[in-house]
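Structure record follows, encoded as structure tokens.
Read the numbers this way: they start at 1 and go in the same order the structure lists the ligands and their atoms. The figures that follow rest on heavy atoms only: side chains count, while hydrogens, waters and symmetry mates do not.
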Amino acid sequence: MSAYDIAPGVPAALERFVLPEKLGFGAVNAPVMFSAEWRDGQWQRGTLLPYGPIEVWPGSRALQYAELIFEGLKAYKVGQPRPNLFRAADNCRRMERSAKRLSMPLVPETLFFQGIEAVTRACAPFIPGRSGHSLYLRPFLYGTESGYMLRNSHSFRFMVIANPVESYATGAPTVAIERSEVRAARGGIGAAKAAANYAASLRASSAALERGHTVALWLDAAEHRYIQELSGMNFFAVIGGELHTPELDDAILPGITRDSLLTLARHLGYVVHERAIEIDELLSQIEDRHCSELFACGTAAIVMPIAALAEPDERAYRPARTDEVASKLRAALLAIQERRAPDPFGWTRELA
Ligand SMILES: *Cc1c(COP(=O)(O)O)cnc(C)c1O
């Protein structure tokens, strides 16, 4: 694939940009973005542009039918001259699987990397260098064709936007068990990183926030009995000193952080189990102290300790410990991501 174009406004946009003191997560937009169009059955040459509004047909399938998938990954530059990407090829493969599930065109690996590397390179001077900080990259693909016919678009756009970010969460929040609504069912699109999954989960997430919790914990759609995951994070429990996480099915998003923690935990000598976890059994194991700790994981927060699980009636189940195993795993993973520790798994790659 040929190289991409650089729009005339890019150098000025980069020059104008000043990294604010307070970054939050997603509050600060990187000054450039990447865009490439798929039409007439093929990918067109991509462009690096100043960050700004985009034109979308009001009748586009992305807006009308949620024909949109995305990815999330981070570039780190902590005490290093050049940025490095964490497991970016795995994000590319997951985006392919999401595209297949929604029958959208695949973003070839060359184009995926062209997009994330163009943005990362341009932003390299202001990728925050404090431990835990990074450049969060958000590649996404959406259907641009207008019309209500029930089929996929014939034209698409692949974009990459980015945000310099702090680490996502601090403290140990509580999580609301969602007993009635459903995020994803078997046979649906729960395993694809699709915007529509978030649409299904936002009401419960908002309600959880209003009740003073951070996010909802989802149960399986058929029986409301087995734990799936949080709205944007996978779930772990420490039971009898061993790690347990729901086994993947087509209703659970296969997190790259989840996979990294499973690998890392085994490497550190933990016994790990991927299995069906019954919510009511887990709650009684929290009560009888067999389950000692809970945490969630995802690219944004890396590893987020969970202080308690709350029922709809606010009865709370509080494990004896918070952020013990979680903090060990977070520290070990972050050290690899920031290239402060050896990377025995070949997960990080420095940009040339
Ligand atoms: C992105 C996402 C995760 C976490 O995946 P990572 O690859 O670890 O960032 C978990 N659950 C959902 C629903 C997600 O969208």
Side-chain angles (χ1 to χ4, degrees), residues 25-26 66 68-76 85-99 101-102 112 116 132 134-141 161-163 165 167-169 175 178 181-186 188-205 208 214-221 226-236 243 245-265 274 277 294-304 306 326 329-330 332-334 336-337 345 347-348:
F25 196 90
L68 195 158
I69 56 172
F70 67 94
E71 271 303 324
L73 69 160
K74 283 175 171 174
Y76 293 87
L85 293 165
F86 181 74
R87 298 192 69 174
D90 292 298
N91 291 92
C92 182
R93 281 193 283 273
R94 186 169 65 191
M95 194 165 202
E96 284 183 359
R97 291 197 302 273
S98 299
R101 177 62 187 83
L102 276 80
F112 184 87
I116 60 174
S134 60
L135 183 72
Y136 180 72
L137 295 155
R138 175 60 70 105
F140 58 104
L141 172 70
I161 55 173
N163 311 85
V165 296
S167 38
Y168 178 69
V175 167
E178 179 52 57
E181 295 187 352
V182 166
R183 187 195 86 102
R186 301 296 303 272
I189 59 171
K193 213 165 169 71
N197 290 322
Y198 280 75
S201 73
L202 285 177
R203 180 163 79 176
S205 303
T214 298
V215 68
L217 176 71
W218 296 100
L219 306 178
D220 77 285
Y226 298 102
I227 293 174
Q228 289 182 325
E229 60 174 312
L230 279 58
S231 296
M233 279 182 266
N234 294 111
F235 181 84
F236 278 84
L243 289 181
T245 192
E247 68 186 331
L248 296 178
D249 61 30
D250 64 357
I252 297 179
L253 197 286
I256 292 167
T257 316
R258 172 190 182 277
D259 183 72
S260 303
L261 290 185
L262 288 173
T263 303
L264 199 53
E274 296 176 72
I277 301 178
L294 305 171
F295 59 90
C297 70
T299 295
I302 307 176
V303 180
M304 182 187 84
I306 296 172
L329 292 174
R330 183 173 57 246
L333 182 55
L334 192 60
I336 294 175
Q337 291 172 322
F345 316 108
W347 284 337
T348 67

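- Residue contacts with ligand 1: Gly72 is excluded, as none of its non-hydrogen atoms falls under 4.0 Å.
- Remark: minimum distance from atom 9 (O) of ligand 1 to any protein heavy atom is reached at Thr299 OG1, 2.6 Å.
- At least one N or O atom of Thr257 sits closer than 3.5 Å to an N or O atom of ligand 1.
- Not a single N or O atom of Arg258, backbone or side chain, sits closer than 3.5 Å to an N or O atom of ligand 1.
- Residue-to-ligand polar distances place Ile256 within reach of ligand 1: an N/O pair is separated by less than 3.5 Å.
- In Ser231, the part holding a heavy atom less than 4.0 Å from any atom of ligand 1 is the backbone.
- Looking at Asn234 next to ligand 1, no N or O pair under 3.5 Å apart turns up.
- Looking from atom 5 (O) of ligand 1 to the surrounding protein, the closest heavy atom is Gly255 CA, 3.4 Å.
- Remark: ligand 1 and Lys193 share an N or O pair separated by less than 3.5 Å (distance only, no angle test).
- At least one heavy atom of Arg94 sits less than 4.0 Å from an atom of ligand 1.
- Proximity of Met233 to ligand 1, defined as any heavy-atom pair under 4.0 Å, is confined to the backbone N, CA, C and O atoms.
- Under 4.0 Å is where a charged nitrogen must lie from a carboxylate oxygen, and between Asp259 and Arg87 at least one such pair does.
- Only the side chain of Arg183 comes within 4.0 Å of ligand 1, counting heavy atoms alone; its backbone N, CA, C and O stay farther away.
- Applying the 4.0 Å criterion to heavy atoms of Glu229 picks out, from ligand 1, the atoms 10 (C), 11 (N), 12 (C), 13 (C).
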